[in-house]
*Asks:* 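Can you keep this structure in mind? I'll have questions shortly.
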Amino acid sequence: MDITEALEQSQPGLVARVKDAIHKHKLNHRSEQTYLHWITRFVLFTDLKDPDALANEDRQLFLEYLSDRMRVSRARFNQASQALAFFYEDVLGRTSTGNDGCAAA
């Protein structure tokens with residue numbers, strides 16, 4: 001399953017919503033790829049749950065998983081955290097909760 005398939009399965013039109021938000025912020029192509037990667041991994045982590053049904057706790061669980069189980073580097077953890085903050089705020093239109101409650105890797 002590629003990136004667009006996973007996101008579209010969770011919610012039709014989600015890829016376009018993410019890309020529109022990325023282009024609105026004038027992010028470069030590499031940032032687009034990175035954000036799509038982490039958002040897709042998050043959506044897959046939540047078993048393709050409808051993004052509108054995702055809670056901040058889902059984000060926290062994913063970041064804890066990356067830090068504790070996957071032991072990603074601090075840089076990759078920060079990328080994932082920023083991508084999810086972008087996803088929640090700019091794509092889903094939710095306010096940030098500030099600290100995700102997770103220590104960096």
*Asks:* Could you check whether the rings of H25 and F86 sit parallel, tilted or perpendicular, using 30° and 60° as the cut-offs?
*Replies:* perpendicular
*Asks:* Scan side-chain atoms only and decide if Q33 and H37 contain a donor-acceptor pair under the 3.5 Å cut-off.
*Replies:* no
*Asks:* If I take atom CG from residue L36 and atom CG from residue L7, how far apart are they, to the nearest 0.5 angstrom?
*Replies:* 6.5 Å
*Asks:* Are the side chains of Y35 and V91 in contact, using a 4.5 Å heavy-atom criterion?
*Replies:* no
*Asks:* E32 side chain to L27 main-chain N or O, any donor-acceptor pair under 3.5 Å?
*Replies:* no
*Asks:* With no hydrogens and no angle check, do the side chains of E64 and Q60 hold a donor and an acceptor under 3.5 Å apart?
*Replies:* yes
*Asks:* Main chain of A55, side chain of Y88: is a donor-acceptor contact present, judged purely on distance under 3.5 Å?
*Replies:* yes
*Asks:* What's the separation between atom CD in Q9 and atom OG1 in T40, rounded to the nearest 0.5 Å?
*Replies:* 11.5 Å
*Asks:* Would you mind telling me which of F45, F77, F87 makes a ring-ring contact (aromatic ring centres under 6.0 Å, His included) with F62?
*Replies:* F45
*Asks:* Side chains of N78 and S81: donor-acceptor distance under 3.5 Å anywhere?
*Replies:* no
*Asks:* What distance do I22 atom CD1 and D20 atom CG have between them, rounded to the nearest 0.5 Å?
*Replies:* 9.5 Å
*Asks:* Check A6 against V43 and note the closest heavy-atom contact, atom names and distance.
*Replies:* O-CG1, 4.2 Å
*Asks:* Please find the pair of heavy atoms, one from P51 and one from S10, that lie closest to each other, and give the distance.
*Replies:* CD-O, 3.7 Å
*Asks:* Please walk me through it: do Q79 and V72 pass side-chain contact (heavy atoms from CB on, under 4.5 Å)?
*Replies:* CA-CA 10 Å; Q79 284 178 342; V72 298; over 6 Å; no
*Asks:* Side chain of R94, backbone of D52: donor and acceptor closer than 3.5 Å?
*Replies:* yes
*Asks:* Less than 4.5 Å apart, side chain to side chain, heavy atoms only: is that true for L54 and K49?
*Replies:* yes
*Asks:* Just wondering, do Q11 and R17 contact through their side chains at under 4.5 Å, heavy atoms?
*Replies:* yes
*Asks:* Just how far is it from atom OG1 of T34 to atom NE2 of H29, taken to the nearest 0.5 Å?
*Replies:* 9.5 Å
*Asks:* In Å, rounded to the nearest 0.5 Å, how long is the span from CG of L48 to CD of E8?
*Replies:* 11.5 Å
*Asks:* Check the surroundings of atom NE2 in H23: do more than 12 heavy atoms from other residues, nucleotides or ligands lie under 6.0 Å from it?
*Replies:* yes
